[in-house]
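Here is the structure we will look at.
Every chain is numbered from 1, with letters handed out A, B, ... down the list of sequences. Atom set for the values below is all heavy atoms of this structure, side chains included, hydrogens, waters and symmetry mates excluded.
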2 protein chains.
Amino acid sequence: MPATIRDVARASGVHISTVSRTFSAPHLVNPETRNRVLACAENLGYRPNRAARALITGRTHNIGLIIADIANPFFPPLIKAAESQARQRDYHIFIADTNEDPAAEEDLVHALAKQVDGVLLCSPRMSNSLIEQLSREVPLVVINRQVTGLPAVVMDVGQGARLAVEHLTGLGHRELALLGGPRGSWTNREIRRSATAAARTADAALTVLGPNPPTEGGGIAMAEQVRRSGATAVLAYNDLMAIGLIEGLDSLGLRVPQDISVVGIDDIALSRLTRPKLTTVATPTAAAGRTAVDMLLQHDGSFAARAGRGGGRTTTADDRRTTAQVTLQTELVIRDSTGVGPAAPADRPAAAATADRPGAAPSADPGSRGHADPGDATAATPEVVAS
Amino acid sequence: MPATIRDVARASGVHISTVSRTFSAPHLVNPETRNRVLACAENLGYRPNRAARALITGRTHNIGLIIADIANPFFPPLIKAAESQARQRDYHIFIADTNEDPAAEEDLVHALAKQVDGVLLCSPRMSNSLIEQLSREVPLVVINRQVTGLPAVVMDVGQGARLAVEHLTGLGHRELALLGGPRGSWTNREIRRSATAAARTADAALTVLGPNPPTEGGGIAMAEQVRRSGATAVLAYNDLMAIGLIEGLDSLGLRVPQDISVVGIDDIALSRLTRPKLTTVATPTAAAGRTAVDMLLQHDGSFAARAGRGGGRTTTADDRRTTAQVTLQTELVIRDSTGVGPAAPADRPAAAATADRPGAAPSADPGSRGHADPGDATAATPEVVAS
DNA sequence: ACTTCTCCTGCAAACCTTTGCAGCCAACGG
DNA sequence: CCGTTGGCTGCAAAGGTTTGCAGGAGAAGT
């Protein structure tokens with residue numbers, strides 16, 4: 001029923017190879033012929049069969065995206081950006097949700113491996129060694145994790161955590177708590193490491209509470225422990241937990257920010273909607289999604305075709321596999337959930353510490369529509385480390 | 001490099017067709033042989049090449065899912081459920097985001113058409129006629145819309161809107177407003193129709209405000225108009241708008257629910273987290289995702305293979321294409337954003353009207369993990385109308 | 001002992017494209 | 001007028017799998 005290349009060839013009186021070239025290498029075919037073919041194709045509603053193309057070229061033009069939990073509002077912007085970026089490059093994105101289950105991650109990589117040109121592994125909870133092993137099966141780009149030898153794009157939460165701690169100590173807090181995230185999270189380790197260091201520098205105490213599930217519930221459940229810790233300010237693994245914590249503290253009769261300050265991480269859309277509005281570390285999720293797609297595509301672009309007739313093609317000298325690791329900057333967004341602490345300097349009014357980020361449109365995703373500049377993503381990432 | 005069926009055949013000393021059958025029709029091959037083949041396959045890490053399979057069977061085992069805006073928290077649970085259901089059936093989900101742009105919808109259907117076995121069209125904004133036309137190109141299941149002749153799964157927002165209006169009038173509100181959603185939305189029309197009827201029945205006035213963008217911003221922007229309308233209670237197209245509206249009213253100095261009551265639709269996770277907690281109409285999004293996948297798969301299961309050698313296979317008598325339309329029930333969840341109105345009976349205390357749904361776990365998605373019961377989705381849908 | 005089955009396996013075509021190679025023609029330089 | 005070049009086009013193989021058909025071996029029925 002659907003028109004094939006042969007139908008088009010017949011209709012336009014040329015050989016199928018000419019039709020093929022009309023689409024995949026237009027410069028090789030006479031403009032006149034080309035137009036005729038194009039017209040016939042249009043006429044018949046012909047669209048190249050990607051399965052057949054994939055079979056011979058060895059490239060599926062599909063990308064797998066493995067996510068811990070789509071329902072976590074942190075991910076949708078990333079997905080959206082990745083999908084849009086991929087589409088521009090004529091790729092499609094397979095999405096898969098692991099429900100925060102490390103075993104599911106492995107299964108999914110296997111399941112996707114033969115069907116995609118590469119996989120984006122987002123905040124994986126697997127072990128490094130397993131990730132490395134899987135990367136021999138299919139090109140991988142890791143997001144929010146550093147695995148030696150693998151291309152990665154990470155958000156600099158370490159820096160963010162430092163900024164957050166400095167913000168809090170600057171407000172006069174001396175007793176801090178860190179609400180940890182899930183076990184196995186690279187991000188969690190980074191935050192902890194950086195927050196601990198920053199607290200020490202500022203001569204403040206920091207209690208680490210966790211690990212916890214990275215959800216609102218995880219935050220609610222820890223309210224009591226946070227109170228007992230005696231901390232006057234807490235940094236949470238992510239916004240969801242921060243919001244949950246505020247909720248939990250509220251039912252304990254503790255007011256935020258008057259009694260206790262709370263800082264989240266991620267700057268999900270939701271953090272602007274709760275009361276109080278959440279002070280948080282903004283992570284460039286959309287940029288991360290775009291960048292990851294770009295890295296994957298550029299990376300396996302150098303593979304060229306792994307198939308092709310004789311297969312005897314000489315591998316290009318460019319086989320050095322530049323596995324870059326890109327670090328995206330984060331930034332502190334001060335809103336209403338942080339206030340002065342016990343050791344605050346007298347001349348510092350609480351209100352002075354609150355100022356939302358100026359011109360940030362509510363959920364605009366620059367570059368997700370049409371004309372996105374490919375250089376855009378990396379332009380936002382001054383710090384690029386090639387390994 | 002990757003092992004092919006031929007490698008396995010060689011290793012196990014059988015013909016490739018036997019290997020093929022070992023995977024696609026195990027009952028046709030001698031258990032002893034089968035085990036040997038399986039062992040070799042395992043050994044070589046063989047996985048069937050889906051492109052090749054798709055090429056000959058004509059079935060890609062992929063499903064397209066077209067969504068207006070992944071960042072809208074209404075969709076992730078649906079996506080998640082669909083993905084999990086599809087995976088159980090050995091299908092993968094392509095995801096695509098239209099940015100609420102009707103033109104993008106059409107493009108995406110075309111782009112996906114040749115690459116998937118069917119497309120799930122979620123809350124499409126296109127015209128009915130265009131949808132019908134596209135359905136001739138690729139099997140379609142529509143979600144949140146009714147198109148004659150096409151399989152659809154809709155959530156009964158009409159009923160939900162009625163319940164919401166009854167709830168409000170029962171609380172003594174006589175001046176209602178409806179905060180409309182986006183143009184082209186079937187859901188929006190249903191809500192409007194049903195709310196209007198319910199208001200008339202209860203002898204209340206209802207002002208329709210809209211259309212508006214279905215976002216928080218859309219709600220905020222309408223606060224002033226809502227105030228001017230003189231309504232003491234308002235039903236919003238979705239939770240996001242309701243939350244935005246509350247925010248907007250707040251900055252106008254109007255308190256919810258004391259000064260004005262607000263009801264949302266969808267029961268997104270967020271509606272439990274805002275202050276006040278949102279009274280809303282819960283829509284079974286996860287069930288919708290599962291059901292839609294099931295309908296698509298059952299539906300085009302009857303196509304059998306459209307390819308196959310001679311192609312002369314007699315079409316089964318089961319060609320009647322039972323295009324069912326499934327309606328999923330909605331339910332009113334009363335929380336804190338609605339209170340008594342001017343015409344309230346004296347004996348009705350405001351507090352009596354608030355009661356959250358009992359045991360609803362924060363974001364649990366029953367059936368999204370492993371053992372989900374296939375009958376589950378339809379079990380939740382007593383009302384099935386075959387057209 | 002011969003036929004008739006049943007079970008299993010092998011054979012080879014077909015699915016739709018891509019692509020290296022070779023051939024054709026016209027134009028051009030000498 | 002011949003050789004060469006360059007621009008297009010055709011030819012045919014290859015990619016990995018599925019599947020109708022046919023054939024072989026053994027068992028069962030007569």
| task | Have a look at the helix from dA1(C)-dT30(D) to dG30(C)-dC1(D) and give the angle its two end axes make, five pairs each, rounded to 10 degrees. | result | 40°
| remark: From CD1 of I56(A) across to C1' of dT17(C) the rounded distance in Å is 6 Å
| query | Base, sugar-phosphate, or nothing: which does F23(B) touch, judged by heavy atoms less than 4.0 Å apart? | reply | nothing
| message | Please determine whether a side-chain nitrogen or oxygen atom of H15(A) lies at a distance below 4.0 Å from atom OP1 or OP2 of dT9(D). | response | no
| I66(B) vs L120(B) side-chain heavy atoms within contact, under 4.5 Å | no
| dT9(C) C1' sits how many Å from R34(B) CZ, rounded? | 14 Å
| query | Are R36(A) and E32(A) ion-paired here, with the side-chain N under 4.0 Å from a carboxylate O? | reply | no
| said: Below the 4.0 Å mark, does dT18(D) have OP1 or OP2 next to a side-chain nitrogen or oxygen of S20(B)? | reply: yes
| note | When rounded to whole Å, the CG to C1' distance for the pair L55(B) and dT18(D) reads 10 Å
| query | Once you round it to whole Å, what is the distance between C1' of dT17(C) and NZ of K114(B)? | reply | 15 Å
| message | Classify V14(B) by what it touches in the nucleic acid, base, sugar-phosphate, or nothing, heavy-atom distance under 4.0 Å. | response | sugar-phosphate
| field | Nearest-angstrom distance from the residue atom CZ of R10(B) to C1' of dG10(C) | value | 16 Å
| query | Are K80(B) and D69(A) ion-paired here, with the side-chain N under 4.0 Å from a carboxylate O? | reply | yes
| L140(B) and P151(B): which non-hydrogen atoms are nearest, and at how many Å? | O-CG, 3.2 Å
| query | Relative to the ring of H61(A), is the ring of Y91(A) parallel (under 30°), tilted (30 to 60°) or perpendicular (over 60°)? | reply | parallel
| What nucleic acid atoms does T4(B) come within less than 4.0 Å of, heavy atoms only: base, sugar-phosphate, or nothing? | sugar-phosphate
| Whole-Å distance separating the CG atom of N30(A) from the P atom of dC25(C) | 16 Å
| Lys/Arg-Asp/Glu bridge criterion (N-O < 4.0 Å) met for R87(A), D107(B) | no
| query | In terms of the nearest nucleotide of DNA chain D, which residue is placed more toward the 5' end: H27(A) or I5(B)? | reply | H27(A)
| request: Answer yes when D294(A) and R89(A) have at least one side-chain N-carboxylate O distance shorter than 4.0 Å, and no when they do not. | output: yes
| remark: Whole-Å distance, R6(A) CZ to dT18(C) C1', equals 12 Å
| message | Nearest whole Å is fine: how far is dT17(C) P from R21(A) CZ? | response | 15 Å
| request: Please check the phosphate of dT9(C) (OP1 and OP2 only) for any side-chain N or O of T33(B) closer than 4.0 Å. | output: yes
| How is S17(B) classified with respect to the nucleic acid when contacts are heavy atoms under 4.0 Å: base, sugar-phosphate, or nothing? | base
